[in-house]
Amino acid sequence: MLKTTTLRKNYEFGRVYQKGQHVAARTLVLHYFSRRHRQLRLGVTASRQVKGSVARNRAKRLLREAYRLHEHEIKPGYDLILVGRAVDPPATYWDVEADLLRACRRAGLLLLPLQERGRPSGEQKTSEPAP
RNA sequence: UGAGCAAGCUGGACAACCGCGGGCGCAGCGCCGAAAGGCCGCGCGUGAGGAAAGUCCGGGCUCCACAGGGCAAGGGUGCCGGGUAAUUCCCGGUGAAGGCGACUUCAAGGACAGUGCAACAGAAAUAGACCGCCGGUUUUGGCCGGCAAGGAUGGAAAGGUGAGGUAAGAGCUCACCAGCAGCCUGGCGACAGGCUGGCUCUGUAAACCCCACCUGGAGCAACACCGUGGAGGGACGUAUUGUGGCCCGCAAGUCCCGGGGAGGUGGCUGGAGCCGUACAGAAAUGUUCGGCCUGGAUAGAUGGUUGUCCACGACAGAACCCGGCUUACAGGCUUGCUCAGGAA
């Protein structure tokens, strides 16, 4: 597998924000911009609402980890930016992973149609503390 | 045992799998490159804090400025001695205040340099007669004079307590205490103790202020180098090229100044360093010897999942580096001491 290449410069971020489209979920916002027949690139950041560097680092790490484990399922040829949002109970990895897959499916970025091949353990975790 | 005081330490543990930054090593000769080397791969070790935070002080470091002196401005700097690179920090002491005590707390120079303020209450706030006490007088209403003891107000009322004294009183006189001044003794000193003297002088300087002391400015986005490089200005015009018959001139050219936006490298971590040891010291701390190398990112590395355990995990993330201060913080541990009760 290729190593994840990251967006680095400010103009790269600005291009995705301005020219790209975005999809929001509860724990994150996905910005994406087609770059036609190149590899997938990722930028990770945290929203202004996330206070404190510890919380910001935590949000970005979860986003990076979720992306890392699902990079091979996403269509190549895009620049992606994942923005972590502030959530009142702190988000777990499973929340972030589920939101990431949901956002990618709504944006049409998944290679497979995602018909119930999502993680069964994730469903358990999210449905357990509801009552 | 309970309550408490002080000092210090710690800040989930273990395992498996999958990842990240940087370091060292290795081989492949897979990719890029003229090469040096880089990318990819594998392995080994390593990788956030006690506050990394607030940016409040003190320094190192870098650039700019700089004859000397004075003024201004700023400074919560302000008892004494020591420590330190330095401090407003630390240690020890003095004084004051609080606590039964262990101990804690402290903007702790100056109020005869000047100015201001002291609300309300109260008769009166550096100033006094409301009630009261005493004497005189009286037309029985009061009037005149003396008095700061008592009442009352207040944060503060003219040193305090007692005795003498007196018409009643008062440092008016005396004793002790407090304060003030001088001298002597002890101490490096802040001060402490003693003696003598005169006889009592309000508080507030975290009010202005005065005195002493300190202070050049900006900060790693400093700064240095490489690369990129659009205008514009000045000088030369000797040699070369173009225009031209030739000269001047113009343009190219050479040199200097200047310089808008992308970037990259260094600075960048070995340091007032950490651990142990011995010595000096009451302690902060210093010195000797030995050992160790322990983050360096740049959209910014320490993570994710699972399992087991327990006291069920607080505050919180390096961005040039140190020393301090302040603030936030779930719990846990150690040592010394005090008080109370009990037992022996």
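Just the heavy atoms: all of them, side chains too, but no hydrogens, waters or symmetry mates, feed the values below. No experiment lies behind these values; they were computed from the predicted model shown. Reminder, nothing fancy here: chain letters follow the sequence lines and each chain counts from 1.
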Self-check item: Same-atom distance (P) from B/A52 to B/A328, integer angstrom
Solution: 16 Å

Self-check item: Distance, P atom - from B/A163 to B/G197, rounded to whole angstrom
Solution: 26 Å

Quiz item: Rounded to the nearest 0.5 Å, how far apart are CZ of A/Arg105 and CG of A/Leu110?
Solution: 8.0 Å

Self-check item: Base-pairing assignment for B/U137 (Watson-Crick or G-U wobble, both under 3.5 Å)
Solution: B/G142

Self-check item: Partner nucleotide, any strand, of B/G23 [Watson-Crick/G-U, under 3.5 Å]
Solution: B/C44

Practice problem: Grab the CG-C1' distance between A/Leu69 and B/C17 for me, whole Å please. | Solution: 12 Å

Self-check item: Shortest non-hydrogen contact from A/Arg85 toward A/Ser47
Solution: CA-CB, 4.3 Å

Just the table, please: protein N/O against nucleotides 312-318 of chain B N/O, every pair under 3.5 Å.
unit_1: B/G317; atom_1: OP2; unit_2: A/Ser53; atom_2: OG; d: 3.4
unit_1: B/G317; atom_1: O5'; unit_2: A/Ser53; atom_2: OG; d: 3.2
unit_1: B/G317; atom_1: N7; unit_2: A/Asn57; atom_2: ND2; d: 3.1
unit_1: B/G317; atom_1: O6; unit_2: A/Arg61; atom_2: NH1; d: 3.0

Self-check item: Value in whole Å for how far the P atom of B/A53 lies from CZ of A/Arg56
Solution: 16 Å

Exercise. With P as the reference atom in both, quote the distance from B/U88 to B/C57 in angstrom, rounded to an integer.
Key: 14 Å

Quiz item: Taking O4'-C1'-N9-C4 for purines and O4'-C1'-N1-C2 for pyrimidines, is B/G229 syn (within 90° of 0) or anti?
Solution: anti

Exercise. Please measure how far the P atom in B/A86 lies from the corresponding atom in B/U287, and state the result in whole Å.
Key: 13 Å

Self-check item: Along RNA chain B (nearest heavy atom to each residue), the more 5'-positioned of A/Tyr17 and A/Leu62
Solution: A/Tyr17

Quiz item: Would you call the rings of A/His22 and A/His31 parallel, tilted or perpendicular, where under 30° means parallel and over 60° means perpendicular?
Solution: tilted

Quiz prompt | Atom pair distance, as rounded to whole Å: NZ in A/Lys60 and P in B/A297 | solution = 17 Å

Quiz prompt | Test item: A/Leu30 and A/Leu82 side chains (from C-beta on) under 4.5 Å apart, heavy atoms | solution = yes

Quiz prompt | Closest approach of A/Val50 to A/Ala86 (non-hydrogen atoms, all atoms of both residues) | solution = CG2-N, 3.7 Å

Quiz item: What's the NE2-C1' distance between A/His70 and B/G19, to the nearest Å?
Solution: 14 Å

Quiz prompt | Distance between P atoms of B/U1 and B/A16 (Å, rounded) | solution = 43 Å

Quiz prompt | Minimum side-chain heavy-atom gap A/Val96-A/Glu65 below 4.5 Å | solution = no

Quiz item: Taking the same atom, P, in B/C39 and in B/G21, what whole-Å distance lies between them?
Solution: 11 Å

Exercise. Rounded to whole angstrom, note down the P distance from B/G270 over to B/C322.
Key: 10 Å

Quiz item: Between A/Leu62 and A/Thr27, is any pair of side-chain heavy atoms under 4.5 Å apart?
Solution: no

Quiz prompt | Counter-base of B/G331, judged by Watson-Crick or G-U geometry with both distances under 3.5 Å | solution = B/U10

Practice problem: Measure the spacing between OH of A/Tyr78 and CG of A/Leu42 and express it to the nearest 0.5 Å. | Solution: 15.5 Å

Quiz item: Should A/Arg64 be listed as having a side-chain N or O under 4.0 Å from OP1 or OP2 of B/G300?
Solution: yes

Self-check item: Syn or anti for B/G171 (syn when the glycosidic angle lies within 90° of 0)
Solution: syn

Self-check item: Chi class for B/U241: syn within 90° of 0, otherwise anti
Solution: anti

Quiz item: Atom OH of A/Tyr67 to atom P of B/U305: distance rounded to whole Å?
Solution: 20 Å

Exercise. Taking syn as within 90° of 0 and anti otherwise, name the glycosidic form of B/G141.
Key: syn

Quiz item: Using atom C1' of each nucleotide, how far apart are B/A108 and B/C117 to the nearest Å?
Solution: 24 Å

Quiz item: What is the distance from CD of A/Glu65 to P of B/U306, rounded to the nearest Å?
Solution: 12 Å

Exercise. Could you let me know what B/C312 is paired to, Watson-Crick or G-U wobble, both distances under 3.5 Å, or none if it's on its own?
Key: none

Quiz item: Partners of A/Ser53 by side chain to side chain donor-acceptor pair (under 3.5 Å), sequence neighbours excluded?
Solution: none

Quiz item: Applying a 3.5 Å limit to both distances, which nucleotide forms a Watson-Crick or G-U wobble pair with B/A107?
Solution: none

Exercise. For B/A48, decide between syn and anti, treating a glycosidic angle within 90° of 0 as syn.
Key: syn

Quiz item: B/A152 pairs with which nucleotide, Watson-Crick or G-U wobble, both distances below 3.5 Å?
Solution: none

Quiz item: Taking a pair as Watson-Crick or G-U wobble with both distances under 3.5 Å, which nucleotide is matched to B/G30?
Solution: B/C39

Quiz item: Nearest-Å distance, CZ (A/Arg68) to C1' (B/G303)?
Solution: 9 Å

Self-check item: Partner nucleotide, any strand, of B/A157 [Watson-Crick/G-U, under 3.5 Å]
Solution: none

Quiz item: How do A/Val44 and A/Thr92 order along RNA chain B: which one's closest nucleotide is nearer the 5' end?
Solution: A/Val44

